[in-house]
Amino acid sequence: MIIALVGMPGSGKSTVGRHLARRLRVGFVDSDHMIEERLGCSIREFFALSGEEAFRDLEQSVLDELTSRGTGTVLSTGGGSVLRAANRQHLRHRCQVIYLRSSPEEIFRRVRHDKNRPLLQVDDPLQRLRDLYLVRDPLYRETAHFVIDTGRPSVSTLVNMICMQLELAGHLPAGDSDRHGV
């Protein structure tokens with residue numbers, strides 16, 4: 001089984017994903033990091049040089065490849081990965097998808113000093129997050145099998161919440177998530 005994390009930029013997908021993979025004793029892949037390795041430059045640089053559409057084409061190809069790989073992986077996706085229907089379908093049908101839902105205000109508090117997020121390099125990043133949330137929240141919900149509100153819980157609490165949801169749905173053996181891989 002592939003467990004894919006979706007959500008807004010700054011919602012904790014990479015951090016929670018790494019901890020979840022460690023807990024389940026499976027591999028962890030961050031699709032944005034894989035894309036940057038292939039590009040040989042940052043996503044921000046690629047955005048500036050080639051534009052968002054070219055980035056989304058590459059992202060779609062990478063997500064198709066990553067979701068076709070079989071099992072035993074936690075996958076952190078880019079915040080805009082759900083913008084394309086093909087990505088939503090691949091994630092929904094090939095993975096167990098967890099939407100880490102965070103309010104625009106929570107995200108702003110976390111990422112306001114991060115200069116590596118190309119979509120937030122605008123005059124009013126909080127308004128930009130609100131606008132992105134209005135468009136993306138329904139797409140995350142459409143894609144996800146489970147929605148976890150990130151709010152203020154610790155990373156370990158969020159990992160426990162995800163494991164509990166997967167156990168209740170029969171995707172992890174009850175009580176075994178801390179001892180066995182997926």
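Any value given below was found using the heavy atoms of this structure, including those in side chains, with hydrogens, waters and symmetry copies removed.
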Tell me, with the steps shown, if Arg130 and Asp124 meet side chain to side chain contact (heavy atoms under 4.5 Å, CB included). CA-CA 10 Å; Arg130 289 176 177 145; Asp124 188 350; over 6 Å; no

Determine whether the side chains of Gln127 and Asp131 contain a donor N or O and an acceptor N or O closer than 3.5 Å. yes

When you measure from the side chain of Lys13 to the backbone N and O of Gly78, does any donor-acceptor pair fall under 3.5 Å? no

Search all heavy atoms of Phe108 against all heavy atoms of Pro125 and return the closest pair with its distance. CE1-CG, 3.8 Å

Verdict with supporting geometry, Leu20 and Cys163, side chain to side chain contact (heavy atoms under 4.5 Å, CB included): CA-CA 8 Å; Leu20 179 61; Cys163 288; 3.7 Å; yes

To the nearest 0.5 Å, atom OG1 of Thr143 lies from atom CZ of Arg136 at 12.0 Å

Would you mind listing every salt bridge (Lys or Arg N to Asp or Glu O under 4.0 Å) that reaches into residues 28-40, with sequence neighbours excluded? Arg38-Glu65

So that I can tick it off, tell me whether Glu105 and Arg109 are bridged by a salt bridge, with the cut-off set at under 4.0 angstrom between side-chain N and carboxylate O. no

Check against side chain to side chain contact (heavy atoms under 4.5 Å, CB included), His145 and Ile98: CA-CA 6 Å; His145 297 95; Ile98 313 287; over 6 Å; no

I need the Leu168 CG to Gln165 CD distance, nearest 0.5 Å. 6.0 Å

Is there a donor-acceptor contact under 3.5 Å from the side chain of Asn87 to the main chain of Val82? no

Charged N to carboxylate O below 4.0 Å: is that the case for Arg141 and Asp137? yes

If a pair satisfies ring pair (Phe, Tyr, Trp, His ring centres under 6.0 Å) and one of its residues is in residues 58-106, list it, with sequence neighbours excluded. Tyr99-Tyr140

Taking Glu142's backbone N and O only, do any of them form a donor-acceptor pair with Arg88's side chain (distance below 3.5 Å, no angle check)? no

Met34 and its side-chain contact (heavy atoms from CB on, under 4.5 Å) partner, picked from Leu75, Leu63, Leu39, Val62: Val62

Report yes if some heavy atom in the side chain of Leu158 is under 4.5 Å from a heavy atom in the side chain of Met161; otherwise report no. yes

Which distance, rounded to the nearest 0.5 Å, do you find between the OH of Tyr133 and the OG of Ser103? 7.5 Å

Measure from the side-chain N and O atoms of His19 to the backbone N and O of Val155, and report whether any donor-acceptor pair falls under 3.5 Å. no

Show the numbers, then the answer: is there a side-chain hydrogen bond (donor to acceptor under 3.5 Å, both in side chains) between Ser31 and Thr77? CA-CA 5 Å; Ser31 65; Thr77 64; 5.5 Å; no

Can you see which heavy atom on Thr67 is nearest to which on Cys95, and at what distance? CG2-SG, 3.7 Å

Of all the heavy-atom pairs spanning Arg110 and Ser102, show the shortest one and how long it is. NH1-OG, 3.3 Å

Could you list the residues that satisfy side chain to side chain contact (heavy atoms under 4.5 Å, CB included) with Asp57, not counting sequence neighbours? Glu53, Arg84

Can you measure from CD1 (Ile2) to CG (Leu91) and round to the nearest 0.5 angstrom? 9.0 Å

Would you say Arg23 and Asn160 are linked by a side-chain donor-acceptor pair, where the criterion is simply a distance under 3.5 Å? yes

Name the one of Ile3, Val74, Thr73 that satisfies side-chain contact (heavy atoms from CB on, under 4.5 Å) with Val26? Val74

One should read off an interatomic distance between Ile148 CD1 and Phe146 CZ, to the nearest 0.5 angstrom, of 8.5 Å

Decide whether Ser11 and Arg101 meet the rule of one side-chain donor and one side-chain acceptor closer than 3.5 Å. no

Is the backbone N or O of Ala86 less than 3.5 Å from a side-chain atom of Gln89, with the two atoms forming a donor-acceptor pair by type? no

Go through it in stages, so that I can follow the logic: the residues are Ser76 and Arg18, the test is side-chain hydrogen bond (donor to acceptor under 3.5 Å, both in side chains), and I'd like the CA-CA distance, side-chain angles, deciding distance and then a yes or no. CA-CA 9 Å; Ser76 170; Arg18 272 193 282 285; over 6 Å; no

Leu49, Phe47: one ILVMFWY side-chain cluster at the under-4.5 Å cut-off? no

Between the side chain of Arg94 and the main-chain N/O of Asp64, is any donor-acceptor distance below 3.5 Å? yes

Mind checking the CG-OG spacing from Leu5 to Ser14? Nearest 0.5 Å is all I need. 8.5 Å

